[in-house]
Amino acid sequence: MKMPRFSRKTLCIPYCVFLIFFVILPMLVIFIYAFTDKNMNFSFGNFVKFFSDPTKLSTIVYSFVIAIVTTAVCLIIAYPVALILARSKMKRKFVLLFLFVTPMWINFVLRVNAIRELLNWIGLLGEANYFNTIFGMVYDFLPFMILPLYTTMMKIDNSLYEASADLGGNSFTTFTRVTLPLSMPGIMSGVTMVFLPSMTNYVVSDMLGNSKVTIIGKFIETYFGTDWHMGSMIALILLIIVFTSTALTGGFKSEDNVRGANL
């Protein structure tokens, strides 16, 4: 009896099965519900209702603003931290990096509850709803901005800094001509990892904003409890926004292409 030949293509079978049942089929269900009415007849009614409702459009705007502000604050804080850690000559600098990463190992809900208790102790809970939401998201997503920046900056060859100094470049010139361009892949990766979940993380907005801050993720959760058709349409629109944002930030490009484009 001839034994079946094993090839590397066989290793793709589990991945293909997972892709079909947990990605393609759920997306197909979303597409079907998004473009059908309650009688499962083909319709663009959900699409028209979404873009004709000022409440839904304002929710997208609020979600964008919250995500942009959260991403900007994370970048402003994370960039100098990552640069200091990457350029530092301390022997145990990994300990500082470990302190920034440690919160990621704690349950997400527990972290949000801890921030909620802190804001309540300060007296901000229930008053500055948008501030609380952005504060909580920055706390939760800051490590996702620091890690890609630190990893990218660690790969920068020190000889480039020495060459800049030999050519008479000062600290500002070295930063703008060497550090910043070569750290762009890390910036793009960090922006993508913070911006996209910030638009949909309604747990933070609910717990820290006392349910007074509604983002698009909350809309999806609400509609899937009452109207799967509208919920699917909102999820599909969010998917388009995610793909567009990823394309604009270079998320579909290889690291070499992104780095080469910025030199």
Side-chain angles (χ1 to χ4, degrees), residues 8-71 107-109 112 133 136-137 140-141 144 188-209 211-254:
R8 285 184 293 180
K9 293 181 180 180
T10 309
L11 298 175
C12 297
I13 295 178
Y15 173 75
C16 292
V17 172
F18 179 88
L19 191 66
I20 291 173
F21 283 97
F22 296 99
V23 179
I24 297 177
L25 288 181
M27 288 302 305
L28 183 60
V29 171
I30 293 228
F31 269 96
I32 292 174
Y33 272 96
F35 290 102
T36 55
D37 56 19
K38 293 183 178 180
N39 297 319
M40 298 305 294
N41 297 319
F42 180 79
S43 172
F44 284 102
N46 297 319
F47 186 83
V48 175
K49 287 180 182 178
F50 182 87
F51 285 100
S52 60
D53 189 346
T55 302
K56 295 183 178 63
L57 294 177
S58 62
T59 300
I60 289 183
V61 174
Y62 287 142
S63 300
F64 259 108
V65 172
I66 290 175
I68 290 173
V69 173
T70 300
T71 304
N107 182 272
F108 175 76
V109 177
V112 176
T133 300
M137 288 191 178
D140 284 318
F141 298 130
F144 294 100
M188 293 297 121
S189 178
V191 166
T192 302
M193 294 175 67
V194 173
F195 179 80
L196 299 181
S198 296
M199 288 190 61
T200 58
N201 195 335
Y202 65 89
V203 176
V204 176
S205 61
D206 273 359
M207 296 183 66
L208 301 184
S211 299
K212 296 180 180 179
V213 179
T214 303
I215 60 178
I216 192 170
K218 180 63 176 180
F219 256 3
I220 295 174
E221 188 266 345
T222 301
Y223 274 104
F224 268 107
T226 56
D227 186 356
W228 272 53
H229 302 276
M230 180 57 71
S232 298
M233 177 56 70
I234 299 175
L236 184 59
I237 292 173
L238 179 61
L239 180 64
I240 295 173
I241 294 174
V242 168
F243 268 83
T244 303
S245 302
T246 304
L248 292 177
T249 55
F252 295 125
K253 298 179 181 179
S254 64

Visitor: Which pairs pass side chain to side chain donor-acceptor pair (under 3.5 Å) with one or both residues in residues 57-66, sequence neighbours excluded?
Guide: none
Visitor: Mind checking what makes side-chain contact (heavy atoms from CB on, under 4.5 Å) contact with V61, not counting sequence neighbours?
Guide: V65
Visitor: Nearest 0.5 Å, what's the OG1-CD distance between T214 and E221?
Guide: 11.0 Å
Visitor: Considering residues at least two apart in sequence or located in another chain, which fulfil the side-chain contact (heavy atoms from CB on, under 4.5 Å) criterion with F31?
Guide: M27, F35, L236
Visitor: Main chain of N39, side chain of D37: is a donor-acceptor contact present, judged purely on distance under 3.5 Å?
Guide: yes
Visitor: With sequence neighbours left out, what residues match F47 under ring pair (Phe, Tyr, Trp, His ring centres under 6.0 Å)?
Guide: F51
Visitor: How long is the straight-line distance from CG of L238 back to OG1 of T200, given to the nearest 0.5 Å?
Guide: 6.5 Å
Visitor: Excluding sequence neighbours, so at least two apart, what forms side-chain hydrogen bond (donor to acceptor under 3.5 Å, both in side chains) with D140?
Guide: R111
Visitor: Hey, could you give me the CG/CG distance between L25 and L19, rounded to the nearest 0.5 Å?
Guide: 9.5 Å
Visitor: Working to the nearest 0.5 angstrom, can you tell me the gap between M199 CE and T71 OG1?
Guide: 10.0 Å
Visitor: What residues, two or more places apart in sequence or in another chain, satisfy side-chain contact (heavy atoms from CB on, under 4.5 Å) together with V17?
Guide: I13, F21
Visitor: Do you know the tightest heavy-atom contact between I68 and F195?
Guide: CG1-CE1, 3.7 Å
Visitor: Can you find a pair of side-chain heavy atoms, one from M40 and one from I32, that are under 4.5 Å apart?
Guide: yes
Visitor: Measuring from T244:OG1 to L239:CG, what's the distance to the nearest 0.5 Å?
Guide: 9.0 Å
Visitor: For S43 versus G45, what's the shortest heavy-atom pair and its separation?
Guide: OG-N, 2.9 Å
Visitor: Under the rule for side-chain hydrogen bond (donor to acceptor under 3.5 Å, both in side chains), what residues qualify as partners of T36, not counting sequence neighbours?
Guide: H229
Visitor: Can you spot which of I237, I60, T55 makes a side-chain contact (heavy atoms from CB on, under 4.5 Å) with F219?
Guide: T55
Visitor: Pairs of donor and acceptor atoms involving the side chains of residues 202-209, under 3.5 Å and at least two apart or interchain, shall be tabulated with distances.
Guide:
| unit_1 | atom_1 | unit_2 | atom_2 | d |
| --- | --- | --- | --- | --- |
| S205 | OG | Y202 | O | 2.9 |
| D206 | OD2 | K218 | NZ | 3.0 |

Visitor: Considering non-hydrogen atoms only, spot the tightest contact between T70 and I66 and give its length.
Guide: OG1-O, 2.7 Å
Visitor: Kindly write out the residues that satisfy ring pair (Phe, Tyr, Trp, His ring centres under 6.0 Å) with Y15, not counting sequence neighbours, or none if the list is empty.
Guide: none
Visitor: For the pair F42 and F44, name the ring-plane relationship: parallel under 30°, tilted 30 to 60°, perpendicular over 60°.
Guide: perpendicular
Visitor: Go through the structure and list residues passing side-chain hydrogen bond (donor to acceptor under 3.5 Å, both in side chains) with Y223, not counting sequence neighbours.
Guide: K56
Visitor: Could you pull out the closest heavy-atom pair between A235 and I30, with the gap in Å?
Guide: CB-CD1, 4.3 Å
Visitor: Taking side-chain hydrogen bond (donor to acceptor under 3.5 Å, both in side chains) as the test, write out the residues that go with N46, two or more places apart.
Guide: none
